[in-house]
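All ligand and atom numbering here is 1-based and tracks the order in the structure. Computed from a predicted structure; not experimentally measured.
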Amino acid sequence: MDDTDFDTLHDRALGAYLGLAIGDALGATVEFMRPREIQAQYGLHRDIVGGGWLKLARGQVTDDTTMSLALGEALLAIGGARLAGVAHAGDDDMAGMTRVVADAYVRWLRGKPVDCGNTCRRGLQRYLADGSLSGEAHERDGGNGALMRNLPTVLALMHDDAALERMSLAQARITHHHPHSDAATVGLARLLVRVLTGASPSECAAWVADWVRDHPVFAFQPYPGHATAYVVDTVQTVLHHFVTHPDFETALIATVNMGEDADTTGALVGMLAGARCGARALPARWLDRLQRDVVQAVTGQTRALMAIARGR
Ligand code: MN
Ligand code: MN
């Protein structure tokens with residue numbers, strides 16, 4: 001890969017991570033609202049203004065972004081040399097790496113995050129109680145909390161599909177152990193790799209169609225119209241809006257005005273659409289409103305995680 005290619009790839013990666021934060025900050029204002037309530041209160045919700053049920057400051061992000069940053073920190077602490085062995089690591093080595101991630105999530109929780117999903121909290125309490133890195137598969141674990149934070153894994157391991165799958169599942173199952181969560185986390189990771197490496201919109205749409213054929217529970221055409229935190233609803237909403245709207249702003253506004261788990265659907269559409277357009281094309285009116293420390297953390301992590309990817 002020459003330097004020009006790397007610049008493009010880096011711009012897409014930064015677009016994905018900043019897009020995630022923008023979608024989180026924009027969507028959080030209307031999280032848990034119904035479309036009709038959003039319309040009555042905001043008309044069309046299209047500005048980062050804070051507020052919402054979490055009473056956020058303008059430009060503040062929630063767990064979707066801050067858990068991603070916790071995962072990114074853990075992957076950087078593990079380091080590129082050790083991550084290079086993920087696909088073939090023995091069980092003890094893999095458990096050791098997963099423990100670094102679990103400890104980062106615990107530090108995140110102890111830092112009094114603005115919000116924390118029930119399944120995340122329960123999973124981290126289980127880890128603290130017995131040290132186990134995964135619970136038994138459970139019906140109630142079908143939320144989107146593992147999917148929403150997986151972006152750093154993709155940045156570090158985009159060139160090694162087996163490692164990407166293994167680390168995605170390991171980080172996911174610390175808190176969520178459900179076949180739909182697993183499939184969604186790995187599936188969107190692989191889709192993001194394609195967007196980052198320059199797949200065209202039609203190539204992405206074809207890849208998504210194949211993936212849905214293999215995972216029919218996520219079929220989204222015709223779009224069922226539910227935007228809840230159930231990972232099936234979330235993935236249908238994200239894929240529908242990502243595939244339907246060619247530009248970042250239109251895709252994100254359409255997504256968050258669905259309400260429900262709007263910060264998380266917004267974050268994931270922001271991630272995919274931000275990768276597609278690249279950081280340089282993100283709307284300045286949104287980027288300028290994000291809290292500066294978040295922009296700095298995201299920018300620094302993107303650079304460091306891409307250095308790991310580049311070393312492979
Ligand atoms: Mn959130
Ligand atoms: Mn949410």
message = For a quick check under 3.5 Å, do Asp247 and Thr250 share a side-chain donor-acceptor pair by atom type?
response = yes

His178 ring center near His180 ring center (under 6.0 Å) = yes

query = Just checking, is any N or O donor in the side chain of Tyr127 or Arg99 under 3.5 Å from an acceptor N or O on the other one?
reply = no

Side-chain donor/acceptor pairs under 3.5 Å, residues 223-232, sequence neighbours excluded:
{"from": "Tyr223", "atom 1": "OH", "to": "Thr237", "atom 2": "OG1", "distance (Å)": "2.6"}
{"from": "Thr228", "atom 1": "OG1", "to": "Tyr230", "atom 2": "N", "distance (Å)": "3.1"}
{"from": "Thr228", "atom 1": "OG1", "to": "Asp233", "atom 2": "OD2", "distance (Å)": "2.7"}

Residue list, ring-ring contact (aromatic ring centres under 6.0 Å, His included) with His215, at least two apart or on another chain = Trp211

key: Contact list for residues 45-83, test ring pair (Phe, Tyr, Trp, His ring centres under 6.0 Å), sequence neighbours left out   = Phe32-Trp53, Tyr42-His45

request  = Report, as a single number, the protein N, O or S atoms less than 2.8 Å from the Mn ion (ligand 1).
outcome  = 4

